[in-house]
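Atoms within a ligand are numbered from 1 in the order they appear, just like the ligands themselves.
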Amino acid sequence: MSTVVFVKEQRLQERRCSCLPNNVKTLVELGMSVYVQKGIGKTLHIDDSKYIDAGAIIASSRKKLLSVADYVLSIHPLSQKDLNETKLEVCCISFFDPFNSPELIEWLRISGRSSLSMELIPRSSRCQKMDALSSQASLAGYVMVAEAMLALPKVFPMMMTPAGTIKPTKVFVIGAGVAGLQAIATAKRLGASVVAYDTREAVAEQVRSLGAKFLNIDLGNTGQNEQGYANALTSEQIELQQKAQAQCIAESDVVITTAQVFGRKPPLLIKNNVIALMQPGSVIVDMAAESGGNVEASVAGKTTIYNGVTIIGTGNWSSKVAYHASQMYANNLQALLQEFWRPQAQKVELDIADEILQSALITHQGELINLNFKALHTKALNSAETH
Ligand code: NAD
């Protein structure tokens, strides 16, 4: 029987958790032994008794829980102190931010522990129910619009009143992936006039189907990889994009940037000279502020003012709607465990030949598994050695 452990999140400001009582019920009914840390649902006002009623074993000692786990599941990766308490055969499942955590990954590999990174779940129909990047990004898109709405001293919809006519707020969304499309849909629902841009022309139709306009910028060859992720632009293309979108930014009340290139630093798309063209009181929300920023003036974790423009880089977006973010993330984890549950063996078994695990497993029995990550990681370690 597999022992599956869900621990409390330890990061400041994190209100989400990795498991709700209904997930416990499903996993226990399958045959898993489910342990949760006491108080896991406290930030969501879910009492421990609900987890117990669903079949979980509750323990207050984190150390003890970690020591019995075959699988430890969380949102953020375990700390080094926590990892030291786990069995060598454990598999830790969380967002690992693997491209920015080379030392942690190397430690996991050398120690022989397995790590499964939720960022590396493939983008395929089979994996949609496990796709935590998408579930959290979609909520982030919604939250970013809500944050912009509260910071902007204007209303979003057009209003024709005896006291005068109010024009709809102009929103420009840069990057129309999962988060961007949800931001577009949310801003439209609130009555804003929305324009969007993405380097992947394939999304123009999706943008239009939400009732927004697509800004056409000819950058030449852009495209996407087989997973649907955008290819990185050349520096000339980025410069071209910065120039071509400047007027649209200057005319917008709200700009929301969600542009990412998987496994790389996000592209810098809005420089300070363009922010200076915006009307004071306007708002920019930079989804990427914490990982380098799409906006030159954004500050990770903070809301700042530049030239009269409010720039929101607070991050941790989905945690602001913690209940639904937890529900979706916990369902993603549940689907992953169900996928590898083997009823005859009454165990979760990691078949590393499976395409999901070939992508999502970073370390397993002393090896690096995800090939893209392995190539980058080996290169980074070699270059660290030669310097
Ligand atoms: P992401 O977070 O990596 O990037 C966000 C968006 O930024 C993308 O749309 C990307 O094209 C865009 N971008 C990159 N550079 C840009 C630039 N210079 N200017 C403007 N935009 C830029 O991507 P994501 O939102 O996680 O997903 C991207 C795509 O992956 C989806 O739209 C979809 O096609 C695909 N996807 C597929 C599945 C599935 O099949 N299960 C699930 C989720 C996503």
Side-chain angles (χ1 to χ4, degrees), residues 95 97 99 117-142 144 172-185 195-210 212 214-246 248-249 255-271 274 284-296 315 317-318 328 332 335-336 339 355-356 359-360 372:
F95 284 120
D97 194 11
F99 297 101
S117 174
M118 293 305 284
E119 290 96 332
L120 297 175
I121 294 279
R123 273 19 227 288
S124 64
S125 314
R126 181 182 166 211
C127 295
Q128 270 178 354
K129 55 187 186 292
M130 307 162 213
D131 184 354
L133 263 190
S134 289
S135 68
Q136 304 304 295
S138 174
L139 292 172
Y142 169 88
M144 287 189 291
F172 181 32
V173 178
I174 305 178
V178 178
L181 288 172
Q182 187 60 252
I184 294 166
V195 179
Y197 174 68
D198 196 294
T199 53
R200 294 179 302 118
E201 276 177 30
V203 299
E205 209 34 58
Q206 295 168 27
V207 167
R208 289 191 197 105
S209 73
L210 291 170
F214 190 77
L215 181 71
N216 284 307
I217 304 177
D218 185 4
L219 297 180
N221 193 14
T222 50
Q224 61 186 56
N225 68 15
E226 69 285 353
Q227 295 266 314
Y229 289 119
N231 293 331
L233 299 185
T234 62
S235 49
E236 291 79 21
Q237 285 175 314
I238 294 214
E239 211 173 304
L240 210 61
Q241 178 184 349
Q242 286 169 346
K243 277 194 191 138
Q245 67 191 12
C248 189
I249 293 171
V255 178
I256 297 178
T257 66
T258 72
Q260 305 268 0
V261 179
F262 193 74
R264 293 174 180 242
K265 205 170 162 238
L268 175 60
L269 299 177
I270 305 183
K271 289 200 175 163
V274 174
I284 300 179
V285 187
D286 184 359
M287 183 181 182
E290 288 184 308
S291 49
N294 290 148
V295 180
E296 190 175 359
W317 312 104
S318 62
M328 290 166 92
N332 294 142
L336 179 70
E339 189 76 21
E355 60 179 358
I356 298 177
S359 175
N372 290 334

Tell me which one of V178, L268, T199 gets a heavy atom nearest to atom 17 (C) of ligand 1. T199

Provide the number and element of each atom of ligand 1 under 4.0 Å from a heavy atom of I174. 20 (C)

Please determine whether any non-hydrogen atom of S124 lies less than 4.0 Å from an atom of ligand 1. yes

Contact with ligand 1 for D198, non-hydrogen, under 4.0 angstrom: yes

Atom of T258, atom of M287 and distance for their closest heavy-atom approach: CB-SD, 3.8 Å

Can you tell me if CZ on R208 sees more than 12 non-hydrogen neighbours from other groups inside 6.0 Å? yes

Considering only non-hydrogen protein atoms, determine which one is nearest to atom 5 (C) of ligand 1 and report residue, atom name and distance to 0.1 Å. T258 O, 3.3 Å

Of all protein heavy atoms, the one nearest atom 29 (C) of ligand 1 is G228 O, 3.2 Å

With heavy-atom distances below 4.5 Å as the criterion, would you say the side chains of N294 and P267 are in contact? yes

Using a 6.0 Å cut-off, check whether atom CG of N225 has over 12 heavy atoms from anything other than its own residue. yes

Applying side-chain contact (heavy atoms from CB on, under 4.5 Å), can you list everything that pairs with A202, at least two apart in sequence or on another chain? Q224

Quick check on contacts: which atoms of ligand 1 are under 4.0 angstrom from a heavy atom of A230? 10 (C), 11 (O), 14 (C)

Using a heavy-atom cut-off of under 4.0 Å, does the side chain or the backbone of L233 touch ligand 1, or both, or neither? side chain

Do other residues, nucleotides or ligands put more than 12 heavy atoms under 6.0 Å from F99 CZ? yes

Out of I121, L269, V261, whose heavy atom is nearest to atom 15 (N) of ligand 1? V261

Could you tell me the residue and atom name of the protein heavy atom closest to atom 14 (C) of ligand 1, and the distance to it rounded to 0.1 Å? Q260 O, 3.1 Å

Please report the shortest heavy-atom distance between K265 and S291, naming the atom on each side. CG-O, 3.9 Å

Starting from atom 3 (O) of ligand 1, what is the nearest protein heavy atom, named by residue and atom, and what distance separates them? Y229 CD2, 3.4 Å

Do S134 and Q128 have side chains that approach each other closer than 4.5 Å (heavy atoms only, starting at C-beta)? no

So if I count the atoms of ligand 1 from 1 in the order they appear, which ones are less than 4.0 Å from some heavy atom of G175? 7 (O), 20 (C), 21 (N)

Under a 4.5 Å cut-off applied to non-hydrogen side-chain atoms, are V207 and D198 in contact? no

Closest approach of V285 and W317, non-hydrogen atoms and distance? CG1-CH2, 3.6 Å

of all protein heavy atoms, closest to atom 18 (N) of ligand 1 is Q241 OE1, 2.9 Å

Ligand 1 to R200 polar contact by distance, N or O atoms, under 3.5 Å: yes

Closest non-hydrogen protein atom to atom 43 (C) of ligand 1, residue and atom name please, with distance? S134 OG, 3.1 Å

Of the protein's non-hydrogen atoms, which lies at the shortest distance from atom 39 (C) of ligand 1, and what is that distance? R123 C, 3.7 Å

Kindly indicate whether the side chain of L268, heavy atoms from C-beta on, has any atom under 4.5 Å from the side chain of I238. no

Hey, is A259 touching ligand 1 through its side chain, its backbone, both or neither, going by heavy atoms under 4.0 Å? both

Under a 4.0 Å heavy-atom limit, does C127 contact ligand 1 with its side chain, its backbone, both, or neither? neither

Within-cut-off N or O pair, G177 and ligand 1, under 3.5 Å: yes

Flag side-chain contact, heavy atom, 4.5 Å: M118 against L336: yes

Checking a contact table here: which protein heavy atom is nearest atom 42 (C) of ligand 1, and how many Å away? D131 OD2, 3.2 Å

Checking heavy atoms under 4.0 Å, the part of A176 that sits near ligand 1 is backbone

Any Y197 side-chain heavy atom under 4.5 Å of L269 side chain: no

